[in-house]
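The figures that follow rest on heavy atoms only: side chains count, while hydrogens, waters and symmetry mates do not. When a residue number appears, it is its place in the shown sequence, counting from 1.
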Amino acid sequence: MNYDQLVIEYLDFEIPPYIRRDEVRLDLPRPARNNVIYTITGVRRCGKTYRMYQLMDDLVVQGVPREKIFHFTFDDDRLEPMGDTTATDVFDAYLRLIPDARQGCYLLFDEIQEAPNWTKFVRRVAEQYPVTVVLTGSSSKLMSRDIPTHLRGRSVAAEMWPLSFREYCDFHQVDHTSRASTFSSRVGQGLREAFDSYLDEGGFPAVQGLDKTLRMQLLQAYQAEIVTKDVVERFETTSLRVAGRFARNAVRSTGLSFSVNAQLKDIRNSGMSVSTEKAYALLADLEDSHLLFKVTDYELSIKENPKVAYKVYAVDPGLALAVAPASHLDIGQRLETAVFLELKRRYGADRMRVISRYSGEGCPECDFVVGDVAMGEQYQLIQVAAELMDARDPEKNKKRVKRELGNIDAAMRNTGLAESTVVTLYEEEEVQMEHGVIHVVPAWKWFALPAVL
């Protein structure tokens, strides 16, 4: 294979138009030997490659010559079949064509996991050459449990997600500027309408602007691809039929309790076979692939009980809607899913922080407790309710308010916190309860202002 010609094509590659996404920050050092290796992880199709393109443009603006920025994608079909030295051959071709790169360059490798022996190659290059290395790939292949010993302690990961609501507004040219946490009536109305659409469409970049039918088909294809490539092929956990059924049921349960034992019965009743051990491993594999996440009860114990019924959340409210049967997934589930994902964006990168559900004496459940006391950060209690007030049904309204606000008031009593937050679709007020103040915040405002909790 003529690697030189392929490398020339990548060096001459014209970056396509994109919308900036600055919520994933990468402060890269200048090229040097033994630099830390940077990885961008995240669910498939969330925009990692385009984040690489943005990074390339930023480096050029900083004065780095374009030829010193080598971006290469290792899932290029022209590389198949790849031999054990493919990554080395590509890099050597780059150095032949750009000899000055030996004095320092930026290496941006997409889908690096497709190259055989990629970890050994990356380690050698980082040790022997003055480089700054950035990697992306299938999230499951670049998670910490998959990086062999010779890269541990040498790499740091930045987590990328489907579009946040603020990024969704940027994509659709919706104004989300504010002054002192206050929005004009015009901006507020635009944000309310945009948030309603966000809960339906979700945040995968390629589906933005598509008609509903095509969007649903594409999102369903995303889920199938993740299950096939990031779960079945990688882990060989179980059959594709079992994994597909399990994943669909889990994603459809977003925002709800999810029992693995119940799924075992469902799978076996449908005529398929799976062991209990493999079913529990499958849930962990789906989480590694970033398709969904489980949330446990907040406990002081460090021991996790793997047999409990978790609450699960899909990686995107639009994908959850696409996978659910017609009229099955209500807006409350999608709202709670979106809130969970926003908490992961804001706080999930720090493994010390807690994102759990809270239950305790006299408190059946508060959706989220978030915080990091090790960093001197006070816990926060967050409840999600699509609506509190329903003028059409006063009696039901009283019961709902008592349940939602009563639960979080009990949680404030148990935790000693004087404030808490309820995220709703449209309502906004402050409610003085027996044990503290509850801030009722409309979702469009809570999402548009990261400081609002």
Side-chain angles (χ1 to χ4, degrees), residues 164-166 168-169 174-202 254-256 311 313 317 320-321 329-343 345-346 357-358 363-370 380-413 417-453:
S164 69
F165 177 57
R166 294 175 298 279
Y168 177 89
C169 290
V174 176
D175 186 0
H176 56 91
T177 56
S178 67
R179 292 184 179 180
S181 301
T182 301
F183 296 94
S184 68
S185 58
R186 177 189 61 81
V187 172
Q189 180 62 30
L191 289 171
R192 282 190 289 272
E193 294 172 358
F195 190 77
D196 289 345
S197 298
Y198 178 65
L199 289 183
D200 286 345
E201 297 177 18
T254 187
L256 303 174
K311 232 180 169 180
Y313 294 95
L321 181 61
L329 192 68
D330 68 31
I331 196 168
Q333 286 177 254
R334 281 178 280 143
L335 175 59
E336 188 173 327
T337 298
V339 169
F340 168 77
L341 295 170
E342 181 65 16
L343 292 173
R345 289 186 187 93
R346 296 179 187 182
R357 63 182 175 185
Y358 180 85
C363 174
E365 183 178 311
C366 176
D367 292 323
F368 303 109
V369 54
V370 184
Q380 303 165 55
L381 294 168
I382 300 172
Q383 188 82 319
V384 183
E387 61 178 11
L388 290 175
M389 307 298 183
D390 185 355
R392 298 165 299 178
D393 191 341
E395 196 59 36
K396 183 179 179 182
N397 182 44
K398 290 179 184 178
K399 292 179 181 179
R400 180 186 294 112
V401 171
K402 183 178 180 180
R403 181 181 69 249
E404 298 291 354
L405 299 189
N407 283 358
I408 201 165
D409 188 47
M412 288 192 293
R413 178 197 65 206
L417 297 174
E419 293 181 286
S420 57
T421 299
V422 176
V423 180
T424 69
L425 281 175
Y426 310 115
E427 297 161 66
E428 183 171 18
E429 63 176 318
E430 287 194 0
V431 182
Q432 180 64 56
M433 300 292 287
E434 180 181 356
H435 300 98
V437 177
I438 299 177
H439 303 282
V440 181
V441 184
W444 61 267
K445 180 180 285 189
W446 187 84
F447 280 80
L449 294 172
V452 175
L453 287 171

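Distance check: Thr421 OG1 to Gln383 CD gives 11.0 Å after rounding to the nearest 0.5 Å. Here Met412 contributes atom CE and His435 contributes atom NE2; the two are 8.5 Å apart, rounded to the nearest 0.5 Å. Atom CG of Leu341 is separated from atom OG1 of Thr254 by 7.5 Å, given to the nearest 0.5 angstrom. Ile438 contributes atom CD1, which lies 11.0 Å from atom CD of Glu430 (distance to the nearest 0.5 angstrom). For the atom pair CD (Gln333) and CD1 (Ile331), the distance works out to 11.5 Å, reported to the nearest 0.5 Å. Going from atom CG of Asn407 over to atom CG of Leu381 covers 11.5 Å, rounded to the nearest 0.5 Å.
Of all heavy-atom pairs spanning Ala443 and Leu335, the tightest one is CB-CD1, 3.8 Å. Nearest heavy-atom pair, His176 versus Cys169, reported as atom, atom and distance to 0.1 Å: CD2-CB, 3.6 Å. Minimum interatomic distance between Gly436 and Asp409 (heavy atoms only, all atoms of both residues): N-OD1, 4.1 Å. Listed here is the closest heavy atom pair of Gly332 and Ala386: CA-CB, 4.2 Å. The heavy-atom pair separating Phe447 from Glu342 by the smallest distance is CE2-CB, 3.7 Å. Nearest heavy-atom pair across Ala338 and Leu199 is CB-CD2, 3.9 Å.
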side-chain contact (heavy atoms from CB on, under 4.5 Å) between Val422 and Leu405, intermediate numbers included: CA-CA 8 Å; Val422 176; Leu405 299 189; 4.0 Å; yes
side-chain contact (heavy atoms from CB on, under 4.5 Å) evaluation trace for Leu191 with Val187: CA-CA 6 Å; Leu191 289 171; Val187 172; 3.8 Å; yes
Working for side-chain contact (heavy atoms from CB on, under 4.5 Å), residues Asp200 and Arg334: CA-CA 8 Å; Asp200 286 345; Arg334 281 178 280 143; 2.5 Å; yes
Residues Lys311, Tyr313; criterion side-chain contact (heavy atoms from CB on, under 4.5 Å); working and verdict: CA-CA 7 Å; Lys311 232 180 169 180; Tyr313 294 95; 3.5 Å; yes
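Aromatic pair Phe183/Trp444: centroids less than 6.0 angstrom apart.
Lys445 and Glu428 are joined by a salt bridge, as a carboxylate oxygen and a charged side-chain nitrogen come within less than 4.0 angstrom of each other.
Looking at Glu434 and Arg413, their side chains never come closer than 4.5 Å, going by heavy atoms from C-beta outward. Residues Asp196 and Tyr426 are in side-chain contact: their nearest non-hydrogen atoms beyond the backbone lie under 4.5 Å apart. At a threshold of 4.5 Å between non-hydrogen side-chain atoms, the residues Ser178 and Leu449 count as touching. Contact annotation: the side chain of Val440 approaches that of Thr424 to within less than 4.5 Å [non-hydrogen atoms, C-beta and beyond].
Aromatic ring orientation, Tyr198 versus Phe165: tilted (interplanar angle from 30° to 60°).
Side chain of Glu336 to backbone of Val384: no donor-acceptor contact under 3.5 angstrom is found. The main-chain N or O of Ile382 is never found under 3.5 Å from a side-chain atom of Asp367 such that the two would form a donor-acceptor pair. Under a 3.5 Å cut-off, the side chain of Glu427 and the backbone N or O of Leu388 do form a donor-acceptor pair.
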